[in-house]
Amino acid sequence: MDSQGQTTSLQRLQNVEKRIVKVLELAGGVMDELASPVGPRKDLVQNHCLEFMQLIKDIQVALRDEIKSACEYRPFEKCDYGPRIANEICYKKVEFVMSQLDAMKQTIDEYNATD
């Protein structure tokens, strides 16, 4: 991820943070309205609740997108270290087996030569 992509991601997350603050302010506004001695104003509570729900949906979508973009970022995707090491280990195993087979062949040849 380049620095421009990181900045963009950080900016998007800062926007999400601002939405969360707004959601909390809306919830606080509804609580104040419900606690009002003259009673809650229905239209105000309804508008705050609608805005609250819309912001919650927007936050969920934004966070889901950020998670998906983070999962798509794989800096070591083209790294061949694991397969290369596995190949070297297999090569060493084959060398060992070949040396054992050579030793067995030598033993058989020596056995046949003594007969």
Side-chain angles (χ1 to χ4, degrees):
M1 200 184 286
D2 58 14
S3 62
Q4 183 180 7
Q6 288 176 342
T7 303
T8 304
S9 180
L10 288 175
Q11 288 172 342
R12 287 191 299 259
L13 289 172
Q14 285 175 337
N15 289 336
V16 168
E17 182 181 19
K18 289 176 186 175
R19 289 181 194 155
I20 291 171
V21 170
K22 178 67 176 168
V23 161
L24 293 173
E25 289 172 351
L26 287 169
V30 169
M31 296 294 283
D32 287 343
E33 192 62 31
L34 291 174
S36 172
V38 290
R41 292 174 288 186
K42 183 179 177 184
D43 59 331
L44 184 79
V45 171
Q46 184 177 6
N47 289 339
H48 278 13
C49 288
L50 289 173
E51 191 176 354
F52 177 90
M53 291 308 295
Q54 187 57 51
L55 281 171
I56 292 292
K57 288 178 186 177
D58 293 346
I59 290 168
Q60 287 176 331
V61 168
L63 290 177
R64 190 176 309 123
D65 290 344
E66 286 304 310
I67 290 169
K68 280 184 4 186
S69 72
C71 291
E72 291 168 0
Y73 171 63
R74 294 180 216 143
F76 303 109
E77 184 174 342
K78 296 182 181 176
C79 178
D80 68 341
Y81 178 76
R84 189 168 34 97
I85 293 300
N87 189 29
E88 288 180 27
I89 291 170
C90 288
Y91 178 75
K92 294 291 184 188
K93 287 179 180 179
V94 169
E95 276 186 334
F96 177 74
V97 169
M98 286 176 60
S99 71
Q100 294 296 311
L101 289 173
D102 286 342
M104 288 172 62
K105 183 178 184 299
Q106 185 178 1
T107 303
I108 291 170
D109 289 345
E110 289 173 4
Y111 178 77
N112 287 337
T114 59
D115 284 338

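We count residues from 1, following the sequence as given.
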Give, for atom CD of Glu110 and atom OG1 of Thr114, the distance between the pair rounded to the nearest 0.5 Å.
9.0 Å
Of all residues at least two apart in sequence or in a different chain, which pass the side-chain hydrogen bond (donor to acceptor under 3.5 Å, both in side chains) check with Asp109?
Lys105
Can you name the closest pair of heavy atoms from Val23 and Phe52 and give their distance?
CG1-CE1, 3.1 Å
Using a 3.5 Å cut-off and no angle test, enumerate the donor-acceptor pairs between side-chain atoms of residues 53-63 and protein atoms at least two apart in sequence or in another chain.
unit_1 : atom_1 : unit_2 : atom_2 : d
Gln54  : NE2    : Asp58  : OD1    : 3.0

By the rule that ILVMFWY residues connect when side-chain heavy atoms come within less than 4.5 angstrom, directly or transitively, which residues belong alongside Val30?
Leu34, Val45
Hey, could you give me each pair passing side-chain hydrogen bond (donor to acceptor under 3.5 Å, both in side chains) that has a residue in residues 24-52? Not counting sequence neighbours.
Glu33-Arg41
List the atom pairs, with distances to 0.1 Å, where a side-chain N or O of residues 84-95 and a protein N or O form a donor-acceptor pair under 3.5 Å, not counting sequence neighbours.
unit_1 : atom_1 : unit_2 : atom_2 : d
Tyr91  : OH     : Glu95  : OE2    : 3.1

